[in-house]
Amino acid sequence: MLAIVKDDYDAMSAEAASLVADRMQKKPNLVLGLATGSTPLGLYRELIRLHRDEGLDFSKVTTFNLDEYVGLPPNHEQSYRRFMGDNLFSQVNLDPRFVFLPNGMANDIEAHCDWYEQQIGAAGGIDLQVLGIGSNGHIAFNEPGSSLGSRTRVKTLTRETREDNARFFASPDEVPRYAITMGIGTIMEARELILLATGENKADAVRAASEGPLTAMVPASMLQMHRKAYVILDRAAASKLSGEYVHTYHAASLVRRPR
Ligand code: GLP
């Protein structure tokens, strides 16, 4: 795992965008894993700018989103499909045939989860997966206690996660109780991972993930087992790291394999 600390949110987002753009240039048909939440918004804004101003081409890229709330129709204001449509898909030249998200309205959710895994496999696996981190250390919607080998499935959201995400809904009661999420095993098969975190309220989770014991109670700690995991942080999110291995160089120019 390689921690890269930037001064602020914008610098962190630009760093992540330059890494994603670098991989897209090297492999135009990149299979890109995407995340929702407030954290990657700056990354998506920068990718949109690179597309608009510098011709970054998404036409051959395939995307897979990490997760989706169960029971929200795709056009619901808080569905992750809507979020991605508003904040990225509608503003770059992705081919809709190559855009995948779990469907929170699937009739047979279990079969749908199997299908989602098959689509990832058929695309050749995920090259680069973007991740955020929950304040309780979750990745995607793999809440504490999730099996470290898990695949795409339904998870019950914890109270903490529902409270964290309540800010987007009219009332806390409206936050769905269940979500479909890629599993930790699914995420770990991506060839490269970028975990983004911003702000002081993520500092404990970042420290537990990066320096704490490997444990299902902190799903993000599993990144310690990945050979190419970049943790891109702003100073506030990095403030509780011991700092010994923290680097400040540009992720896009990384040729060294992280330790
Ligand atoms: C949700 C998402 C996660 C995301 C997390 C943090 O629970 N399922 O993928 O990492 O929120 O969100 P934020 O970036 O808004 O703090």
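This structure is a prediction, so every number in the text was calculated from the model and none was measured. Ligands are counted one by one from 1 in listed order, and the atoms in each one are counted from 1 as well. Count residues from 1 along the sequence. Scope of the values below: all heavy atoms of this structure, side chains included, with no hydrogens, waters or symmetry mates.
- In terms of protein heavy atoms, atom 4 (C) of ligand 1 is closest to T36 O, 4.0 Å.
- No more than 12 heavy-atom neighbours from other residues, nucleotides or ligands sit within 6.0 angstrom of CZ on R177.
- Using a 4.0 Å cut-off between heavy atoms, Y80 contacts ligand 1 through its side chain alone, with no backbone atom that close.
- Heavy-atom proximity to atom 10 (O) of ligand 1, evaluated over S135, G132, S38, is greatest for G132.
- In this structure, atom 5 (C) of ligand 1 lies nearest to the protein heavy atom H138 NE2, 3.7 Å.
- For ligand 1, the atoms sitting less than 4.0 Å from at least one non-hydrogen atom of R167 are 15 (O), numbered in the order shown with element in parentheses.
- No more than 12 heavy atoms of other residues, nucleotides or ligands shown are found within 6.0 angstrom of CD on E77.
- Under the 6.0 Å cut-off for aromatic ring centres, F141 and Y69 qualify, their centroids lying closer than that.
- Heavy-atom contacts of N165 reach the following atoms of ligand 1: 1 (C), 7 (O) (cutoff under 4.0 Å).
- Distances shorter than 4.0 angstrom do not occur between any heavy atom of E160 and any atom of ligand 1.
- Protein heavy atom closest to atom 6 (C) of ligand 1, with residue, atom name and distance, is I133 O, 3.6 Å.
- If you check the side chains of D173 and S171, you find no donor sitting under 3.5 Å from an acceptor.
- R207 meets the side-chain hydrogen bond (donor to acceptor under 3.5 Å, both in side chains) test with no other residue; sequence neighbours excluded.
- With contacts defined as side-chain heavy-atom distances shorter than 4.5 Å, the pair M84/P40 does not qualify.
- For atom 16 (O) of ligand 1, the closest non-hydrogen atom of the protein is K202 NZ, 2.6 Å.
- Closest protein heavy atom to atom 12 (O) of ligand 1: G37 CA, 3.9 Å.
- A35 does not count as a contact of ligand 1, since none of its heavy atoms falls under 4.0 Å from the ligand.
- Between K27 and D127, at least one side-chain N (NZ, or NE/NH1/NH2) sits under 4.0 Å from a carboxylate O, which counts as a salt bridge.
- With sequence neighbours left out, L148 forms a side-chain contact (heavy atoms from CB on, under 4.5 Å) with I184, A216, M222.
- Considering backbone and side-chain atoms alike, T161 places every N or O at 3.5 Å or more from each N or O of ligand 1.
- Between H112 and W115, the angle of the ring planes stays under 30°, which puts this pair in the parallel group of the 30/60° scheme.
- For CD of Q119, the number of neighbouring non-hydrogen atoms (other residues, nucleotides, ligands) closer than 6.0 Å is greater than 12.
- Using a 4.0 Å cut-off between heavy atoms, T39 contacts ligand 1 through both its backbone and its side chain.
- Inclusion of A140 in the set of residues having an N or O under 3.5 Å from an N or O of ligand 1 is warranted.
- Atom 8 (N) of ligand 1 has D67 OD2, 2.7 Å as its closest protein atom, hydrogens excluded (heavy atom only).
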